[in-house]
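Let me begin by presenting the structure, written as structure tokens, before commenting on it.
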Amino acid sequence: TKEGVIRTSRRRPPPPIMFAALSFSLSLAFLALVSTAVAESIPQDNDNIDANGIESTCKSSGDGTCTSHLTSVFVIGDLHGDAVCAISWVNRTGLIANLFLDDAIDSSSSSSVTALLYQKLNNPSQWLWTSPQSTLVFVGDYVDKGPTSKQTVQFVKDLTTAFPDRVTAILGNHELELLRDRDARIPWVGKYSAYSHATVHPGEYLNYFANSLDASSSSSSSFTSDDDKEKEPTDSPTHLLRPLDRQDDLVLDLLLEASMEVYAHNAHSAVRFVPTLPSDRQFSMNRGIRFAITDIIPPEHRMLAMERLQEYQDRYLNAFRSGTVLGDWLESRPIAHLADDVKTLFVHGGVSEGVGTGYLSRGKESVEELNRVWWEHSHEGKLYDFLNGKGMGVDDVLGYVVYELLTYRGNHPGYDKWESHGTFDEDAMDESEVCVTLHNMLSRMDGIDRIAVGHTPDFGIRIMCNGAFLALDSMLGRWIRGSGNEYCPGPEHFEKRKGMEVPTTSRNGRYKCDEIKSECEGQIVRLDSDGSVTILD
């Protein structure tokens, strides 16, 4: 563990992907900038270590007895389609007893994981919360980039269901894009999930069949309430789904190999993960789209790949429709969460000055109002228009606010030119203009001393602006940490193909997949009510 304000090495992170028309900047000229704010002081005097290697929240008196307990908030950053590491990091907190069926699993290890850890989960009804003074917050982006998004969502959902007063999981921009993609007015080639990088890993598609290796396919490892059972779509029961077969294995390999060809030719923007481009290609041509991913697959397998990819993508979106268990759970995620005891506002992306002072100035009351409006518009029949500001009424404008809270990067020192130029300064300091603006904004937000976000990745947690800003996306998912925004095979894939050759290099040798490790790396954080910040490796 590390105490207090920790300066992690600021190695250059993988540049966040920019997509056209994804920036909603708000013109709020009527909001004035105030003068100064006092930076938060973070004590560094907690030396109590528990059996799991995590500092205790007990305040000790001079004779060593516990006089009072701090309240604590554990926070887990972006998981990006890696259920193994999601479970591993929750296990690392020590907050849940009886998490696993196998008592032999080492609860103190953050790296001793197995490829199918999510199949070793105990029934959530057997889980026990171990720390009445502690809560747990997830900052969004459970899906995309890695191949086990469904299992990740299921696990975090089970946590919020089992411990509704202890666990909060806010929405990330990747979940928002998934929910928006459900709208039939968006052609497949125009969907966020059709990008050839940074969205749905090809391996993810195989999670929606009868014999997929899925936490929710085991009766012992998934919490399903009576309400959830009523919400299941008509095609979701296991006996109605076809099983995976060897042709699915072939198609997955073909899609991964085709992806490597895209990256070798730097054709990320020209290729879409769709079975075929529409006959009317004007939409595609206007966006620089030239090829479907199946165009890169050898002709003898192309028709099979087209048929299976269409099936995969339909099943994927149908699993998150309104009225399904997973769809309704994502729709019910809050956009923002204010942890009163640590005076910290959690949002996925960030808070611009205009949004902070104009829409969050009343603290908890503002947060509750914002979440209420989101929940009223998150259904797939309303969401697309809400995010596009249809009608431009008060609630419609809040659609822009929601999107900005999930995508804004301007609170990061050095990222002030990201929206306009796509560049950042990795040597920016706490005294930067961005931090001055942040402190001024916080002085006008009731009950909020600090903002904590995910969304912008680095190799470790960053504590900036004298503790007033926490950047918590430390690339906890193995795929984003190993291959960034590109789709590559990982340990589970190699295990399944044991004894077979698995290509990791493009045909021309220009692109080679980096290794996806078996171990979970990164950092999570604990915030205590005395103001201290503890980073957990």
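Since this is a predicted model, take the numbers as computed values, not measurements.
Going from atom OG of Ser149 over to atom CD of Gln154 covers 13.0 Å, rounded to the nearest 0.5 Å. A distance of 7.5 Å separates NE2 in His455 from NE2 in His174, rounded to the nearest 0.5 Å.
Between the side chain of Trp479 and the main chain of Cys488, a donor-acceptor pair closer than 3.5 Å is present. Asn411 places a side-chain N or O within 3.5 Å of a backbone atom of Val351 that can act as its donor or acceptor partner. Arg333 contributes a side-chain N or O that, together with a main-chain N or O of Trp329, makes up a donor-acceptor pair within less than 3.5 Å. Between the side chain of Ser474 and the main chain of Gly460, no donor-acceptor pair closer than 3.5 Å is present. Between the side chain of Glu257 and the backbone N or O of Ile297 there is no donor-acceptor pair closer than 3.5 Å. Between the Lys191 side chain and the Asp181 main chain, a donor and an acceptor come within less than 3.5 Å of each other. Using a distance-only test at 3.5 Å, with no hydrogens or angles considered, a donor-acceptor pair links the side chain of Asn371 to the main chain of Ile335.
The six-membered or imidazole ring of Tyr263 lies near that of His268, with a centre-to-centre distance under 6.0 Å.
Salt bridge present: Arg242 and Asp248 bring a charged side-chain N and a carboxylate O closer than 4.0 Å. Checked for salt-bridge contact, Asp253 and Arg497 meet the test: a charged N lies under 4.0 Å from a carboxylate O. The pair Arg308-Asp245 meets the salt-bridge criterion, with a side-chain N (NZ, NE, NH1 or NH2) lying under 4.0 Å from an Asp/Glu carboxylate O. With respect to the salt-bridge test (charged N to carboxylate O, under 4.0 angstrom), the residues Glu380 and Arg321 qualify. In summary, Asp249 and Lys496 engage in a salt bridge, as defined by a charged side-chain N under 4.0 Å from a carboxylate O. Ion pairing of Arg478 with Glu492 is present here, as a side-chain N (NZ or NE/NH1/NH2) and a carboxylate O approach within less than 4.0 Å.
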Asn318 and Arg315: CA distance, side-chain angles, deciding distance, side chain to side chain donor-acceptor pair (under 3.5 Å) verdict: CA-CA 5 Å; Asn318 287 341; Arg315 288 205 179 280; over 6 Å; no
Check against side chain to side chain donor-acceptor pair (under 3.5 Å), Arg409 and Thr456: CA-CA 7 Å; Arg409 286 192 165 99; Thr456 301; 2.7 Å; yes
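Two residues are said to be in side-chain contact when any heavy atoms from C-beta on lie closer than 4.5 Å; Trp374 and Leu171 meet this criterion. Residues Ile451 and Leu438 have side chains in contact (heavy-atom distance under 4.5 Å, counting atoms from C-beta outward). Looking only at side-chain heavy atoms (C-beta outward), Leu470 and Arg462 stay at 4.5 Å or farther from each other. Residues Val274 and Ile293 fail the side-chain proximity criterion, which asks for heavy atoms closer than 4.5 Å.
A side-chain donor from one of Glu486 and Tyr511 sits under 3.5 Å from a side-chain acceptor of the other. For His348 and Asp141, the side-chain atoms include at least one donor-acceptor pair closer than 3.5 Å. No side-chain N or O of Asn173 forms a donor-acceptor pair with one of Glu177 less than 3.5 Å apart. Neither side chain, Ser352 nor Tyr359, offers a donor N or O lying under 3.5 Å from an acceptor on the other. With hydrogens and angles left out, the side-chain atoms of Trp188 and Ser193 include no donor and acceptor closer than 3.5 Å. No side-chain donor from either of Glu204 and Thr148 sits under 3.5 Å from a side-chain acceptor of the other.
Cation-pi contact between Arg481 and Phe459: absent, since separation from the ring centre below 6.0 Å together with deviation from the ring axis within 45° is not met.
The only option from Asp78, Val139, Leu79 that meets the side chain to side chain contact (heavy atoms under 4.5 Å, CB included) definition with Asp473 turns out to be Asp78.
A parallel orientation is assigned to the rings of Phe386 and His377, their planes being inclined by less than 30° (bins at 30° and 60°). Taking the six-membered ring where the residue is Trp, Tyr205 and Tyr312 present parallel rings, their angle staying beneath 30° rather than reaching 60°.
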